[in-house]
S.K.: 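After the structure tokens below, expect a handful of questions from me.
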Amino acid sequence: SQMGIVTIVAAVFFCDTAAYVDGSLWGKHRYSTISPNKTIEGSVAGFCTALLVTGAGWYFFRTPGLPLWIGFALGFLIGIAAQVGDLLISLIKRYFKVKNASEILPGHGGVLDRFGSLFFAAPTVEFFIWFVNKWMG
């Protein structure tokens, strides 16, 4: 449904934002040479935010009769896939020695950084939905 798409996009964007804000304010433990400013604290905040946003979105907008655990499983997957996608975009930019993929969003690494997480999370969500539909019949 359209609300499902909105929930997934919101979860990815809030995941990115929470990871950035929390990592900037409280992050002490860096974990990536690909993107050296990423911190464990930021990643945990992003993951938890994706889990909560997706779980809440699923709770309020799911099709009646579908189990609540699916929403939290989606949040779990989005919390991981969004951050992996972000790291992959950073790796691509590092390989091509590009700091900003565009100047449309100055200071944010460009549009590619805003959507890199979504490019990886969306197919992950689609695969999960396909799997659940096959499994639940």
Side-chain angles (χ1 to χ4, degrees):
S1 81
Q2 291 175 341
M3 284 311 297
I5 293 168
V6 169
T7 299
I8 291 164
V9 170
V12 169
F13 287 166
F14 279 113
C15 174
D16 284 350
T17 301
Y20 173 75
V21 170
D22 191 80
S24 296
L25 293 175
W26 297 288
K28 292 185 180 9
H29 303 94
R30 306 211 185 285
Y31 71 89
S32 171
T33 56
I34 296 169
S35 189
N37 290 330
K38 297 206 183 309
T39 64
I40 292 171
E41 293 83 359
S43 287
V44 168
F47 176 81
C48 291
T49 301
L51 193 64
L52 291 172
V53 168
T54 309
W58 185 262
Y59 178 78
F60 289 111
F61 303 118
R62 77 179 184 267
T63 302
L66 290 177
L68 191 57
W69 69 264
I70 293 174
F72 287 102
L74 279 169
F76 179 87
L77 290 173
I78 290 171
I80 293 170
Q83 294 186 63
V84 169
D86 189 50
L87 280 172
L88 286 174
I89 294 300
S90 295
L91 182 63
I92 291 167
K93 286 175 33 183
R94 186 168 292 273
Y95 176 79
F96 287 105
K97 297 175 176 55
V98 175
K99 176 69 177 153
N100 290 320
S102 75
E103 297 301 321
I104 294 173
L105 298 170
H108 290 275
V111 174
L112 189 59
D113 272 2
R114 289 294 98 204
F115 291 96
S117 301
L118 190 58
F119 293 153
F120 202 76
T124 301
V125 168
E126 179 60 29
F127 176 75
F128 177 75
I129 291 169
W130 173 83
F131 179 79
V132 167
N133 282 334
K134 288 283 187 189
W135 178 59
M136 292 183 75

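The structure displayed is predicted, hence computed values, not measured ones. Computation of the quantities below employed the complete heavy-atom set of this structure, encompassing side-chain atoms and omitting hydrogens, waters and symmetry-equivalent molecules.
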S.K.: Show the numbers, then the answer: is there a side chain to side chain contact (heavy atoms under 4.5 Å, CB included) between V84 and L88?
M.R.: CA-CA 6 Å; V84 169; L88 286 174; 4.1 Å; yes
S.K.: Which heavy atom in T7 sits nearest to a heavy atom in G57, and how many Å separate them?
M.R.: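 T7 and G57 have their closest heavy atoms at CG2-CA, 3.7 Å.
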S.K.: Indicate the atoms forming the closest heavy-atom contact of G79 with C15, along with that distance.
M.R.: O-SG, 4.3 Å
S.K.: Apply side-chain hydrogen bond (donor to acceptor under 3.5 Å, both in side chains) to Y31 and list each qualifying residue two or more places apart in sequence or on a separate chain.
M.R.: S43
S.K.: About how many Å separate CG of L87 and CD1 of I34, when rounded to the nearest 0.5 Å?
M.R.: 5.5 Å
S.K.: Is it possible for you to say whether L77 and W135 belong to one hydrophobic cluster, with membership spreading through side-chain heavy-atom contacts below 4.5 Å?
M.R.: yes
S.K.: Among residues two or more places apart or on two chains, list those pairs meeting side chain to side chain donor-acceptor pair (under 3.5 Å) that have a residue in residues 55-69.
M.R.: none
S.K.: Is it the case that the side chain of E41 and the backbone of K28 share a donor-acceptor pair, with hydrogens and angles ignored and the cut-off at 3.5 Å?
M.R.: yes
S.K.: Report whether F60 and L52 are members of the same hydrophobic cluster (ILVMFWY, side-chain heavy atoms less than 4.5 Å apart, transitive linking).
M.R.: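 No, it is not one cluster - the side chains of F60 and L52 are not joined through contacts under 4.5 Å.
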S.K.: Taking all heavy atoms of P36 and all of R94, pick out the closest pair and write down the distance.
M.R.: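 That would be CD-NH2, 3.3 Å.
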S.K.: With side chains defined as the heavy atoms from C-beta onward, is the minimum distance between F120 and D86 less than 4.5 Å?
M.R.: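 Of all side-chain heavy-atom pairs linking D86 with F120, none is under 4.5 Å.
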S.K.: Once ring pair (Phe, Tyr, Trp, His ring centres under 6.0 Å) is applied, do any residues pair with F13, and if so which ones, sequence neighbours excluded?
M.R.: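 By the ring pair (Phe, Tyr, Trp, His ring centres under 6.0 Å) rule, F13 matches F115.
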S.K.: When Ile, Leu, Val, Met, Phe, Trp and Tyr are grouped by side-chain heavy atoms lying under 4.5 Å apart, directly or through other members, which residues fall in the same group as F14?
M.R.: V53
S.K.: Could you go through the side chain to side chain contact (heavy atoms under 4.5 Å, CB included) check for L74 and V125 one step at a time?
M.R.: CA-CA 7 Å; L74 279 169; V125 168; 3.8 Å; yes
S.K.: At what distance, to the nearest 0.5 angstrom, does CD1 of I8 lie from CD1 of I5?
M.R.: 7.0 Å
S.K.: Apply ring pair (Phe, Tyr, Trp, His ring centres under 6.0 Å) to F76 and list each qualifying residue two or more places apart in sequence or on a separate chain.
M.R.: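 F76 satisfies ring pair (Phe, Tyr, Trp, His ring centres under 6.0 Å) with F47 once adjacent residues are dropped.
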S.K.: Restricting to non-hydrogen atoms, name the atom on T39 and the atom on R30 that form the minimum distance, rounded to 0.1 Å.
M.R.: CG2-NH1, 3.3 Å
S.K.: So which of V12, V9, L51 actually passes side-chain contact (heavy atoms from CB on, under 4.5 Å) with I78?
M.R.: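 Answer after filtering V12, V9, L51: V12.
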S.K.: Quick test of your reading: applying side chain to side chain donor-acceptor pair (under 3.5 Å), list the pairs with at least one residue in residues 115-129, sequence neighbours left out, ordered by first then second residue.
M.R.: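 Checked against side chain to side chain donor-acceptor pair (under 3.5 Å) - neighbours excluded - the pairs reaching residues 115-129 are D16-S117.
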S.K.: With clusters defined by side-chain heavy atoms of hydrophobic residues (ILVMFWY) lying less than 4.5 Å apart, directly or transitively, does F127 cluster with I80?
M.R.: no
S.K.: Give me the atom names and distance for the closest heavy-atom approach of A82 to A121.
M.R.: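 Smallest heavy-atom distance, with atoms named: N-CB, 4.2 Å.
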